[in-house]
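See structure below.
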Amino acid sequence: MKDLQTPAFAPANFEQLLASLTTVHALVQLAVVLGCLLLAWLVGWTVRRSTPQASHQASSVLLGRHVIDGALFPILALLFAVLARRLAFAGAADVTVLRLAIPLLFALAVIRVAVRVLRAALPSSSFVKLVERTLSWLVWGGMVLWVTGLLPLIQDELGDVSWKVGAARITLRSLVEGAINATVVLVLALWLSSAIEAKLLRSATGASLSGRKIAVNAVRALLLLVGLLVALSAAGIDLTALSVLGGAVGVGIGFGLQKLASNYVSGFVILAERSVRIGDLVKVDGFEGRVIDINTRYTVIRASNGRESIVPNEMLITQRVENASSLYEPSVMLSTVVQVAYGTDVVALRPKLLAAFEQIARVMKDPDLAPAVHLTSFASDGLELTVWFWIADPLNGQSNVRSEVNLAILEVLGREGIEIPFPQRVMRYVGTPPAAAGAEAAAD
């Protein structure tokens with residue numbers, strides 16, 4: 001595009017720029033730019049309305065949360081502005097406003113695409129905000145230099161700074177351009193991988209989730225590898241030198257990166273075997289919670305109180321893991337203990353308790369998994385009864401259903417007039433009791 005290949009204005013033409021902005025042609029061009037923005041908003045709004053709500057996450061880079069904060073809005077506005085420049089103002093001599101608007105829209109599109117891609121690929125990273133601010137300053141600064149005509153002068157100065165590395169001569173300009181090309185390639189790779197991830201995982205449930213997670217991790221690793229190779233090639237780095245780097249990486253894995261490599265391999269093994277799946281209720285190293293994500297290096301487990309544990313994948317392979325969500329039967333048996341006073345008719349009490357448990361929705365009623373009340377111990381204070389019951393949805397919580405069972409027990413015992421024994425202590429004073437000491441003091 002010619003509008004983005006040559007500077008908009010030379011440093012000495014600012015007076016001409018100010019004068020051209022007050023003409024009728026400038027007002028017409030300003031109206032055209034506003035029309036391009038309005039048309040871009042209408043197209044984005046139409047696309048967003050026609051896109052299912054479940055697909056908004058997959059297309060968050062283009063659509064965003066609103067119409068104007070996605071990448072589609074500046075891209076469409078830039079496209080419409082270029083078309084207006086080519087078609088409506090092809091023979092016009094004064095296109096000052098369009099020559100200013102097109103690079104500004106281009107800079108906005110670049111920033112918006114990069115920012116949305118980083119947020120989609122790294123949603124929970126605090127480093128993204130710093131990268132967003134730095135990238136925004138760099139892009140806007142470069143665009144200002146380009147519009148004012150100073151960028152070609154700076155490029156020539158950077159091209160004069162060079163040094164020789166082996167048989168090749170490297171300039172500072174080539175390094176800067178290579179870094180920009182590498183950033184563009186990696187952003188595109190992250191964008192494509194995040195779009196594929198959202199597409200594959202959007203409708204994945206149950207057994208297919210682990211397999212799709214493997215595909216997502218493999219595709220992301222492959223795209224990043226290809227993007228890295230393309231970026232190194234664009235930066236002017238000879239790819240044959242990577243053989244030496246590969247040997248160094250192999251030595252590093254052999255000495256200091258065994259744990260990192262083991263965690264990556266363990267992540268793919270867990271996803272392939274489906275021994276632990278996303279959504280399972282597990283207990284690892286004393287921490288119990290639900291598996292909310294399985295990455296290539298670690299697994300995220302969230303407890304019922306909101307705390308999260310980052311567990312290296314190797315621990316899930318080498319250590320004992322308790323999985324409440326069985327691969328074959330998700331039902332879980334729970335228990336609670338209560339004591340009743342000696343002399344209680346336990347035989348008559350048991351059916352009343354079982355009848356109360358049948359009123360609890362989450363307690364299973366299947367004959368093979370029905371609740372049971374057992375006399376398990378003759379305690380020092382009373383008869384100890386243990387209640388066993390099964391639930392089919394442990395992921396919905398265990399303490400809440402255990403509380404319902406305890407409340408049902410308490411209601412039955414209160415209705416039947418059965419006391420829950422508790423220890424009673426007799427206090428014995430050594431010496432003169434307080435009442436007698438007070439009487440002696442009053443007599444004196």
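What you see is a predicted model, and the numbers here were worked out from it, not measured in a lab.
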Are R362 and E404 close enough for a salt bridge, meaning some N to O gap below 4.0 Å? no
For the CD atom of Q398 and the CG atom of D393, what is their distance to the nearest 0.5 Å? 10.0 Å
F378 and Y342: which non-hydrogen atoms are nearest, and at how many Å? C-OH, 3.4 Å
Verify whether one side chain among N313 and N263 offers a donor that lies under 3.5 Å from an acceptor in the other. no
One should read off an interatomic distance between L375 CG and R350 CZ, to the nearest 0.5 angstrom, of 9.5 Å
Between atom OG1 of T376 and atom CG of L385, what is the distance when rounded to the nearest 0.5 Å? 7.0 Å
Short side-chain to backbone donor-acceptor contact, S266 and S262, under 3.5 Å: yes
Are the side chains of W388 and S335 in contact, using a 4.5 Å heavy-atom criterion? yes
State, with a plain yes or no, whether a side-chain heavy atom of W390 is found less than 4.5 Å away from one of V332. no
Counting only heavy atoms not in R320, do more than 12 fall under 6.0 Å of its CZ? no
What's the separation between atom CD in Q319 and atom CD in E314, rounded to the nearest 0.5 Å? 8.5 Å
Check: S399 main-chain N/O paired with S403 side-chain donor or acceptor under 3.5 Å: no
Look only at the side chain of D366 and the backbone of D368, and say whether a donor-acceptor pair between them is shorter than 3.5 Å. yes
V340 and P421: which non-hydrogen atoms are nearest, and at how many Å? C-CD, 3.5 Å
Flag side-chain contact, heavy atom, 4.5 Å: R290 against D280: no
Enter the distance from L39:CG to F80:CZ here, rounded to the nearest 0.5 Å. 4.0 Å
Residue pair F389 / I360, side-chain heavy-atom distance below 4.5 Å: no
Shortest non-hydrogen contact from F357 toward V387: CE1-CG1, 3.3 Å
Main-chain N/O of V291 paired to R302 side chain as donor or acceptor, under 3.5 Å: no
V321 versus M315, closest heavy-atom pair with distance: CG2-O, 4.4 Å
Take V346 and L383 through the test side chain to side chain contact (heavy atoms under 4.5 Å, CB included) and record every step on the way to the result. CA-CA 9 Å; V346 177; L383 301 173; 3.7 Å; yes
Might you point out which heavy atoms bring I294 and V276 nearest each other, and give the distance in Å? CD1-O, 3.5 Å
Compare all side-chain heavy atoms of V363 with those of V405 and state whether any distance is below 4.5 angstrom. yes
Between I292 and E308, is a side chain to side chain contact (heavy atoms under 4.5 Å, CB included) present by the stated rule, with each step listed? CA-CA 9 Å; I292 61 174; E308 292 185 356; 3.7 Å; yes
Between I418 and V412, is the side chain to side chain contact (heavy atoms under 4.5 Å, CB included) condition met? List the steps. CA-CA 8 Å; I418 300 175; V412 171; over 6 Å; no
Sequence neighbours excluded, which residues qualify as salt bridge (Lys or Arg N to Asp or Glu O under 4.0 Å) partners of E419? none
Taking C-beta and beyond as the side chain, do T386 and V338 meet within less than 4.5 Å on heavy atoms? no
Rounded to the nearest 0.5 Å, how far apart are CD1 of I310 and CZ of F287? 9.0 Å
Note, T299 side chain near V284 side chain (heavy atom, < 4.5 Å): no
What closest approach, in Å, do Q339 and I420 show between heavy atoms, and which atom pair accounts for it? O-CG2, 3.5 Å
Is there a side-chain contact between V32 and C36 (heavy atoms, below 4.5 Å)? yes
